K.L.:
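For reference, the structure I am asking about is given below.
Each chain gets a letter, A, B and so on, in the order its sequence line appears, and its residues count up from 1. Keep in mind the model is a prediction, meaning the values are calculated, not measured.
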Amino acid sequence: MSPRLASISDLKALRQSLKKTRDGEKPCITICAGTGCLATGASEVVERFRQEIRDRHLEEKVEVRASGCHGFCERGPWVVIRPERVCYTHVGTTDVSPILSETLLEGKVIDRLLYQDPTTGERRVHEQDIPFYRGQQRIVFGGNGEIDPTRIEDYIAIGGYQGLEKALSEMTSEGVIETIRRSGLRGRGGGGFPTGAKWEACRKAEGKERFVICNADEGDPGAFMDRSLLEGNPHRVIEGMLIGAYAIGSEEGYVYVRNEYPLAVSNLGRAIEQAGEYGLLGTNILGSGLTFALKISRGGGAFVCGESTALIASLEGRVGEPRAKYVHTVEHGLWGQPSILNNVETWANVPVIITRGADGYASIGTSGSKGTKIFSLVGKINNTGLVEVPMGTSLRRIVYDIGGGIPGGKRFKAIQTGGPSGGCIPEGLLDLPVDFDRLQETGSMMGSGGMIVMDEDNCMVDTARYFVQFLQEESCGKCTPCREGLQQMGRILDRICEGKGEDGDIELLQDLSRVMIDASLCGLGLTAPNPVLSTLRYFRDEYEAHIREKRCPARFCKGLIALSIDPEACRGCGACLRVCPVDAISGEMKRPFQLDGDRCIRCRACEEACTFDAIKIR
Amino acid sequence: MRADLQAVCEIIERHGHRKAALIGILQDIQAKMNCLPQKALAQVSRSLDIPLTRIYEVATFYKAFSLEPRGRHILQVCLGTACHVRGGARMLDYLENRLEVKSGKTTKDLAFSLERVNCLGACALGPVMVVDKRYFGKINTRKIDSILEEYQDG
């Protein structure tokens, strides 16, 4: 039987019947199968569950679901047993048998697998009681844990394609745009441009055809919400794009995905195929007359392709060089035709807005930034993972209540937001409510939502250097301010980190920044000085210590530290000697070893290997 | 080489002979041949009627492409921000010293190509290293040693 849905009532009927088969009371073992958990062995765990359930003839009684990313990657492989939502962390294949025997059949909770709070040591049984989840509002990301992303039926059963259904049956194209506009949705990719205004401009622009494009070239290092959405709930993105296509009158769309995300490419590819089989992509969708085809285009690994005009050049098969912005993509986009380009998270918000209505959506967030935002909370933080919170949530709440604070009793130093275009926010601003405008005021920006927490061991000059180096490699080289400016800034920062900084370097960095901001062609160059300017604004003392005292306060910069072995602490175990790649360590076993400072390349492998804390850094 | 060129033509065919599909075509060629050999690029140029210079422009612009043969195993060290703050650069240094090869290059015995990548989106596991698409999280110098040992002969 062809599953093709000929009308909206067909879709409704299918959803009803799927809902019936999804018995809410039937035990379901959900194993997170996102990239993070797969890296720690989730696929073997899924396989073992399936095997054991077959062996024990439990197929009728228990369901096993390899789901989308749950966002708490730190604790993977992550297993949730429904309906109670008992939650187990770091599950390995040897835990499968006890989980089935004890938890599933006898209803007993296995203590050692439970989540343990890193600060209080308390254990939590249910997913919803874990502070990491309790502080979140997951209106966009929540579906991930409920579905197997390779099954369109799962998505439809939890209310998927209801937004499309509503748009096609109850709303005009203008009505859809008006709803998006009134919802206050702003682009989640970084710029924060109002989505409704973009769509309206595109609809009004003259052109032979129109294109709908999804930017999944998530290049900001430290941000992975788009990967998780595309991997874990691809149909939500497809649904958003379908609604966009209906709104502007487009028949063709593209998803431009990073090549570094193989699972996202395969799950999305599968989702597009299934949507086609069900008649949700193709001609005369649900009998409405809407025609829409969706294609995947894989990126080639160039950060600049996150910039709209560079992305379009890449889609056309050319090198990803941006063009001047006075030509608008909404009017002259792909093949010179009107196009709307939104990022993954923006598209994933669209079905939510249509089903909830503009007012329902706009009730969440702050006056200038509506809805929720997904952040990837990473770096020196206890609970690394994806966090979806209403706009306006304070940084402190995100870092301490949800993120569980800094590991190892270290001191918080800064939080970096906005990727290479953003900046570092110091401790004094932790109570800042996070939205587009407030972040901008601090000299940082929302960007795509990466939040990298840094502690006392991280050097802020090195952080600025890291981003400048990153951008230097990623600059396409088309315009001079960005190409040359970054190179010169990189040289100055290298010099400072090596202890060769001079008076006047800080002023030179500021001068270069001003020129780049004034004269660069695209967003990459315009925002490239932000990491330098924001660290200068809040951590100028660290720059001065490097330049004047030739000292790195965080003891991080290789050129400004020296390693030695503390003879009091050293037990002569030889662990350091074995790992030293340049044979700088010598000595007799069971006696204090010596470290040859001239040979040492300060890789700190010995520090990591030493269990007696005998390697000292000056 | 003849058989290889046949494969190139098939890839171009699969992409519907479209000039716009150039990047996808090059990706598939690289997946098949491990790099982009000059003869393959010349074939693409002839088949799609795109000047060879433009093909080289694309092949050298995007980081995903390599014009030189790559090793039997591809080691990718993530230097995204999350991995950086957790010492990813130190891991890359260590690998460069251990393998006596700079990042972006291949060892003389063609066993390993060492690459740095900007964020694999597995930040919770940082520092991360990927060997032939298999992820290794929270790496340190000891883990690297045992990983290299595992792959050295295979």
K.L.:
Would A/E316 and B/K19 count as a side-chain contact (heavy atoms from CB on, under 4.5 Å) if you check the C-alpha gap in whole Å, the side-chain angles of each, and the deciding distance to 0.1 Å?
P.N.:
CA-CA 8 Å; A/E316 293 173 356; B/K19 286 184 187 183; over 6 Å; no
K.L.:
With a 4.5 Å cut-off on heavy-atom pairs, point out which of B/F136, B/Y94, B/F65 contacts chain A the most.
P.N.:
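Of B/F136, B/Y94, B/F65, B/Y94 has the most heavy-atom pairs under 4.5 Å with chain A.
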K.L.:
What part of B/R134 is in contact with chain A, defined as an atom under 4.5 angstrom from a non-hydrogen atom: side chain, backbone, both or neither?
P.N.:
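No part of it gets close to chain A.
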K.L.:
List the atom of A/G379, the atom of B/A82, and the distance in Å for their closest heavy-atom pair.
P.N.:
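Taking A/G379 first and B/A82 second, the nearest heavy atoms are N-CB, 4.2 Å.
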K.L.:
Taking C-beta and beyond as the side chain, do B/D28 and A/R298 meet within less than 4.5 Å on heavy atoms?
P.N.:
yes
K.L.:
Closest heavy-atom contact between A/P221 and B/G80?
P.N.:
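For A/P221 and B/G80, the tightest heavy-atom pair comes out as CB-CA, 3.6 Å.
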K.L.:
Would B/K138 and A/E74 pass as an ion pair if we require N to O under 4.0 Å?
P.N.:
yes
K.L.:
Heavy atoms, side chains only, cut-off 4.5 Å: are B/V85 and A/F556 in contact?
P.N.:
no
K.L.:
Does a side chain donor of either B/Y62 or A/S314 reach within less than 3.5 Å of an acceptor in the other side chain?
P.N.:
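Looking only at side-chain atoms, A/S314 and B/Y62 do form a donor-acceptor pair, the distance falling under 3.5 Å.
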K.L.:
For B/C123 and A/F224, which heavy atoms make the closest approach, and how far apart are they?
P.N.:
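Where B/C123 meets A/F224 most closely, the heavy atoms are SG-CD2, 3.6 Å.
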K.L.:
Looking at A/P420, A/G301, A/G300, which makes the most heavy-atom pairs under 4.5 Å with chain B?
P.N.:
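Max contact count across the listed options: A/G300.
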K.L.:
Relative to chain B, which segment of A/R318 carries a heavy atom at a distance below 4.5 Å: side chain, backbone, both, or neither?
P.N.:
both
K.L.:
Could you state the interatomic distance from CD (A/Q416) to NE2 (B/H84), rounded to the nearest 0.5 Å?
P.N.:
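It comes to 10.5 Å.
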K.L.:
Checking A/V453 against chain B: side chain, backbone, both or neither under 4.5 Å from a heavy atom?
P.N.:
backbone
K.L.:
Check whether B/R142 gets within reach of chain A through its side chain, its backbone, both or neither, counting any heavy atom under 4.5 Å.
P.N.:
both
K.L.:
Is the shortest heavy-atom distance from the side chain of B/T81 to the side chain of A/Y466 under 4.5 Å?
P.N.:
yes
K.L.:
Output the distance between atom CD1 (A/I601) and atom CG (B/N97), rounded to the nearest 0.5 Å.
P.N.:
4.0 Å
K.L.:
Can a donor-acceptor pair be found between the side chains of A/T384 and B/R86 at a distance below 3.5 Å?
P.N.:
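Present: a donor and an acceptor within the cut-off.
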K.L.:
Are the side chains of B/L120 and A/R227 in contact, using a 4.5 Å heavy-atom criterion?
P.N.:
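A/R227 does not reach B/L120 side chain to side chain.
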K.L.:
Measure the SG-CG distance between A/C603 and B/L92 for me, rounded to the nearest 0.5 Å.
P.N.:
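CG of B/L92 is found 12.5 Å from SG of A/C603.
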K.L.:
Walk me through whether A/V319 and B/R54 qualify under side-chain contact (heavy atoms from CB on, under 4.5 Å).
P.N.:
CA-CA 9 Å; A/V319 299; B/R54 260 214 54 219; over 6 Å; no
K.L.:
Could you tell me whether the side chain of A/E260 and the main chain of B/C119 form a donor-acceptor pair under 3.5 Å?
P.N.:
no
K.L.:
Please test A/T35 against B/Y135 for side-chain contact (heavy atoms from CB on, under 4.5 Å), starting from the C-alpha separation and ending with a verdict.
P.N.:
CA-CA 9 Å; A/T35 294; B/Y135 286 70; 3.7 Å; yes
K.L.:
Find the distance between CG (A/N259) and NZ (B/K63) and round it off to the nearest 0.5 Å.
P.N.:
11.5 Å
K.L.:
Among B/D145, B/N140, B/L22, which residue has the highest count of heavy-atom pairs closer than 4.5 Å to chain A?
P.N.:
B/N140
K.L.:
So, for A/G36 and B/L125, which heavy atoms are closest and what is the spacing to 0.1 Å?
P.N.:
O-CD1, 3.7 Å
K.L.:
Is it the case that the side chains of A/E473 and B/N118 hold a donor-acceptor pair, with the cut-off being a distance below 3.5 Å and no angle test?
P.N.:
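Side-chain D/A pair, B/N118 to A/E473: absent.
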K.L.:
With a 4.5 angstrom heavy-atom cut-off, is it the side chain or the backbone of A/C476 that approaches chain B, or both, or neither?
P.N.:
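It is both, since atoms from each part get that close.
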K.L.:
Identify the heavy atoms of B/V58 and A/G317 that sit nearest to each other, and give their distance.
P.N.:
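Closest approach of B/V58 to A/G317, heavy atoms only: CG2-O, 3.9 Å.
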K.L.:
Could you please spell out the steps behind the side-chain contact (heavy atoms from CB on, under 4.5 Å) verdict for B/F61 and A/V304?
P.N.:
CA-CA 11 Å; B/F61 181 86; A/V304 71; 4.0 Å; yes
K.L.:
Does any backbone or side-chain atom of A/Y261 lie under 4.5 Å from a heavy atom of chain B? Answer side chain, backbone, both or neither.
P.N.:
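A/Y261 touches chain B through side-chain heavy atoms alone.
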K.L.:
What part of A/F303 gets within 4.5 angstrom of chain B, counting heavy atoms only: side chain, backbone, both, or neither?
P.N.:
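The answer is neither part of A/F303.
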K.L.:
Can you establish whether the number of heavy atoms outside B/E68 located under 6.0 Å from its atom CD is more than 12?
P.N.:
no
K.L.:
Is the shortest side-chain N to carboxylate O distance from A/R604 to B/D93 below 4.0 Å?
P.N.:
no
K.L.:
If you count heavy-atom pairs within less than 4.5 Å of chain B, which of A/S228, A/G320, A/A223 leads?
P.N.:
A/G320
K.L.:
Hey, which of A/R258, A/R602, A/M454 has the most heavy atom pairs under 4.5 Å with chain B?
P.N.:
A/R258
K.L.:
A/L377 versus chain B, heavy atoms under 4.5 Å apart: side chain, backbone, both or neither?
P.N.:
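A/L377 has no heavy atom closer than 4.5 Å to chain B.
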K.L.:
For the NZ atom on A/K478, are there more than 12 heavy atoms of other groups (residues, nucleotides or ligands in this structure) within a distance under 6.0 Å?
P.N.:
yes
K.L.:
Return the CD1 to SG distance between A/I452 and B/C83, rounded to the nearest 0.5 Å.
P.N.:
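The distance works out to 10.5 Å.
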